[in-house]
Amino acid sequence: MIRNRLRRLVLDNGLRIVLAPHPVGASIGIAVHYGVGFRTEPEGRTGLAHLFEHLVFPGGHGAAPEGYLPRVQRAGGSGDARTRQDTTVYYATAPASALEMLLSLEADRMRSPRLTERILRTQIAVIDEEIRLMVRNRPYGAFPWVLPRALHRRPENTRDGYGETADLAAFDLPLCEKFFTDHYGPGNAVVTLTGAFDPETAERLVQRHFGSLPARPSVAAPEAPEPPPTEERRLTVADPHAGPHALAVGYRMPDPVTERADYLAHLVLAALLGQGGRALLRRGPTAAAGVSSLSVGCGLFGLPLDTAGPDLLTLFAVHEHEHGEQDVLAALDGTLETLAEDGADAGLLRATTARWAAGALRDLGDPGTRAQLLGLREILFGEAELTEALPELVRTGVTGEQVGRAAARLRSSYRAVVRFVPEGNAPRGAARERAAA
């Protein structure tokens, strides 16, 4: 892997560019991140950022009549989009010969997406169906959304991305046009290119296609500091589609900027607890609960350093026994206590961090994934290089003592504990949580 080859430039309109050329292979990746996510949505406008991802994805007027994706696919590529707490990203991978076409299509939708009443109503219906399939009619579909709702108190930090049905139904074209003007300007975006391209050529093409876009002020994301929880918060979810019972646990993560070393120690702690065949919680402590599925992750969506705001370390376990959550929590607390007292075993720590780093390096071998991760850390922290440094930071930069301190922090922290029970077995008065009511 070629490192320390990143080039940055900023256009007169404020657009930031990150170029990461890699002469091996014949494909390229592009990612365009906008500094807007579901934490940015105004009160009473939940779901707007995700809806706008849908509205913008088909492309601008220059992509008509086919639309963005058919043109990319016809060139031998693929593309998609994603909305998270603080960011929305549009990304694609294609043969290197498609470089100018990809830049043209991205500049086109940054200039002016096609917004009509028909497109708006169609995409609202698409999202309604997405909520039905992915949340309401899916076993444990409220995970992970239920955890920030249980642990956090600021409304901005409890949103699930899909939004409230009533809010979605009330959106109109003037609101969408204002949202585009406020958040989709060049000054609120980062374009990242990776793969087999000549950087000088790429710079000329970026200037050609994006340089004429007018600058406009962007509305800054609101500050949403989240006070630390002061009590353990418990919730029972009556899930009509659940088979076995399940348990979700969420802990507040350290700040990714001001507490970076502690953050990375929690990342390693999550891997030690639940990732890989030698994970501490897979060695037998959860057997009494009849655990059939276990995952532990750093970050609400399992990707570390993907938000600059309050985030969670999460555990999710599916278990056969009705009261198995007590055994899972006992195993978790006992393991954290042992780590807090003794630190992490040196051999297991080496194996775990090496496996994590190897997986991260494999991800960076794909131009599309690399473009997404470089651009993500650039728009959030101004540190695209962090993406390429992260595997080595995790592999060699976290000690057993640091992991022990992270375990002690969780052991003494207030957390969210959510039980998922089949609806017929739920206690009277149990909450029927859904990601979109």
Side-chain angles (χ1 to χ4, degrees), residues 10-17 31-63 68 81-91 105-117 119-124 127 154-164 166-192 209-225 306-310 375-376 378-382:
V10 180
L11 303 188
D12 291 342
N13 55 22
L15 181 66
R16 289 161 286 171
I17 313 295
V32 182
H33 285 83
Y34 294 89
V36 57
F38 47 83
R39 211 195 309 266
T40 317
E41 297 161 347
E43 192 66 26
R45 297 287 187 264
T46 63
L48 185 53
H50 179 224
L51 171 64
F52 218 79
E53 171 208 314
H54 281 245
L55 294 174
V56 172
F57 184 75
H61 295 277
Y68 168 85
R82 183 182 302 114
T83 305
R84 291 293 188 256
Q85 294 104 310
D86 305 309
T87 60
T88 301
V89 59
Y90 302 85
Y91 55 93
L105 289 173
E106 292 295 353
D108 184 48
R109 61 180 167 192
M110 187 180 290
R111 178 178 291 105
S112 177
R114 288 181 291 160
L115 297 177
T116 66
E117 184 66 27
I119 291 174
L120 174 61
R121 293 304 143 196
T122 297
Q123 292 305 320
I124 289 175
I127 292 173
R154 288 289 297 265
E156 299 92 333
N157 299 324
T158 64
R159 293 176 185 150
D160 58 39
Y162 288 111
E164 300 291 339
D167 289 351
L168 286 168
F171 294 155
D172 55 23
L173 282 180
L175 174 66
C176 292
E177 289 164 353
K178 184 178 187 307
F179 193 80
F180 174 79
T181 300
D182 287 346
H183 299 292
Y184 272 72
N188 198 36
V190 171
V191 175
T192 307
H209 292 286
F210 289 94
S212 63
L213 298 180
R216 62 176 184 267
S218 298
V219 175
E223 295 290 332
D306 76 335
T307 174
L376 174 66
E378 182 69 16
I379 198 165
L380 288 177
F381 311 114

On a heavy-atom basis, which atom in D86 and which in A308 lie closest, and how many Å separate them? OD2-N, 3.1 Å
If we only count heavy atoms from C-beta on, is the V10 to R16 side-chain gap below 4.5 Å? yes
The test is side chain to side chain contact (heavy atoms under 4.5 Å, CB included); show your working for E106 and V191 and say whether it passes. CA-CA 9 Å; E106 292 295 353; V191 175; over 6 Å; no
P222 and T40, any side-chain heavy atoms less than 4.5 Å apart: yes
I119 CD1 to R114 CZ distance, which is reported to the nearest 0.5 Å: 5.5 Å
How close do Y90 and E53 get, counting heavy atoms only, and between which atoms? OH-CA, 3.2 Å
What's the shortest heavy-atom distance between R39 and P310, and which atoms? NH1-CD, 3.4 Å
List the atom of L120, the atom of C176, and the distance in Å for their closest heavy-atom pair. CD1-SG, 3.8 Å
Atom pair OG1/NE2 of T122 and H54 - distance to nearest 0.5 Å: 12.5 Å
Taking ring-ring contact (aromatic ring centres under 6.0 Å, His included) as the definition, give me every residue that meets it alongside F180, ordered by chain and number, with sequence neighbours left out. Y184
Just how far is it from atom NE2 of H209 to atom CG of L105, taken to the nearest 0.5 Å? 9.5 Å
Decide side chain to side chain contact (heavy atoms under 4.5 Å, CB included) for I379 and T87; before the verdict, give the C-alpha distance in whole Å, the side-chain angles of both, and the deciding distance to 0.1 Å. CA-CA 8 Å; I379 198 165; T87 60; 3.7 Å; yes
Looking at residues at least two apart in the chain, or sitting in another chain, which of them share a salt bridge (charged side-chain N to carboxylate O under 4.0 Å, His left out) with E223? none
H33 and Y91: CA distance, side-chain angles, deciding distance, side chain to side chain contact (heavy atoms under 4.5 Å, CB included) verdict: CA-CA 9 Å; H33 285 83; Y91 55 93; over 6 Å; no
Note: E43 and P155 closest approach over all heavy atoms is OE1-CB, 3.7 Å
Given L173 and L115, is the side chain to side chain contact (heavy atoms under 4.5 Å, CB included) satisfied, shown in steps? CA-CA 7 Å; L173 282 180; L115 297 177; 4.2 Å; yes
For the residue pair T307 and R84, establish whether any side-chain heavy-atom pair is separated by less than 4.5 Å. no
CZ on F210 to CG on D12, rounded to 0.5 Å: 15.0 Å
Do E156 side-chain atoms and A224 backbone N/O form a donor-acceptor pair below 3.5 Å? no
Tell me, please, which residues at least two apart from E41 pass salt bridge (charged side-chain N to carboxylate O under 4.0 Å, His left out). none
Ignoring hydrogens and geometry, is there a side-chain-to-backbone donor-acceptor pair from D108 to Y68 under 3.5 Å? no
With a 4.5 Å cut-off on side-chain heavy atoms, are T192 and E378 touching? no
Looking only at atom types and distance, does a side-chain atom of T88 sit under 3.5 Å from a main-chain N or O of V36, one as donor and one as acceptor? yes
Non-hydrogen side-chain atoms of R121 and I124 separated by less than 4.5 Å: yes
Does the side chain of P58 reach to within under 4.5 Å of the side chain of R109, using non-hydrogen atoms? no
In Å, rounded to the nearest 0.5 Å, how long is the span from CZ of F38 to OG1 of T158? 10.0 Å
Below 4.5 Å, heavy atoms only, C-beta onward: do L175 and R45 meet side chain to side chain? yes
dist D182:CG -> E177:CD (nearest 0.5 Å) comes out at 12.0 Å
Over all atoms of both residues, closest heavy-atom pair of R216 and M110: NH2-O, 4.3 Å
